[in-house]
Amino acid sequence: MRHDAARVTRDGFDRIGPFHPAFLWGAVVVFDLLVVLAILLAVTKLGDKVEDVVAPGGEEWVTF
């Protein structure tokens with residue numbers, strides 16, 4: 001009969017599916033950075049729209 005203990009890595013962490021935990025931690029960090037980037041992009045875009053309403057004309061700093 002096979003032993004059904006959880007497979008752990010050499011450093012004592014439980015595997016998450018077929019992946020090492022460090023790989024998934026990295027994926028979560030990349031996802032979090034993408035979310036932060038999207039929020040900063042939305043704030044920048046909104047700020048540009050507000051600036052165009054408040055002070056139309058002039059030089060454009062945000063050109064997207």
**Study point:** Arg15 vs Val8, side chain to side chain contact (heavy atoms under 4.5 Å, CB included): CA-CA, chis, key distance, verdict
**Key:** CA-CA 6 Å; Arg15 288 194 169 274; Val8 294; over 6 Å; no
Could you pull out all donor-acceptor pairs under 3.5 Å where a side-chain atom in residues 51-64 meets a protein atom, sequence neighbours excluded?
none

Practice item. Could you grab the distance from atom CG of Leu37 to atom OG1 of Thr44, nearest 0.5 Å is fine? Key: 9.5 Å
**Study point:** Shortest non-hydrogen contact between Asp14 and Pro21, atoms and distance
**Key:** O-CG, 3.2 Å
Check your understanding: If two hydrophobic side chains count as joined below 4.5 Å and joins carry through other members, does Ile16 share a cluster with Phe23?
Key -> yes
Check your understanding: Does the ring center of Trp25 lie less than 6.0 Å from the ring center of Phe19?
Key -> no
Exercise for review: Return the set of residues passing ring-ring contact (aromatic ring centres under 6.0 Å, His included) with Phe31 (not counting sequence neighbours), or none when no residue passes.
Suggested key: none
Exercise for review: Enter the distance from Leu41:CG to Leu34:CG here, rounded to the nearest 0.5 Å.
Suggested key: 12.0 Å
Review point. Partners of Asp32 by side-chain hydrogen bond (donor to acceptor under 3.5 Å, both in side chains), sequence neighbours excluded?
Key: none
**Study point:** Any Val35 side-chain heavy atom under 4.5 Å of Ile39 side chain
**Key:** yes
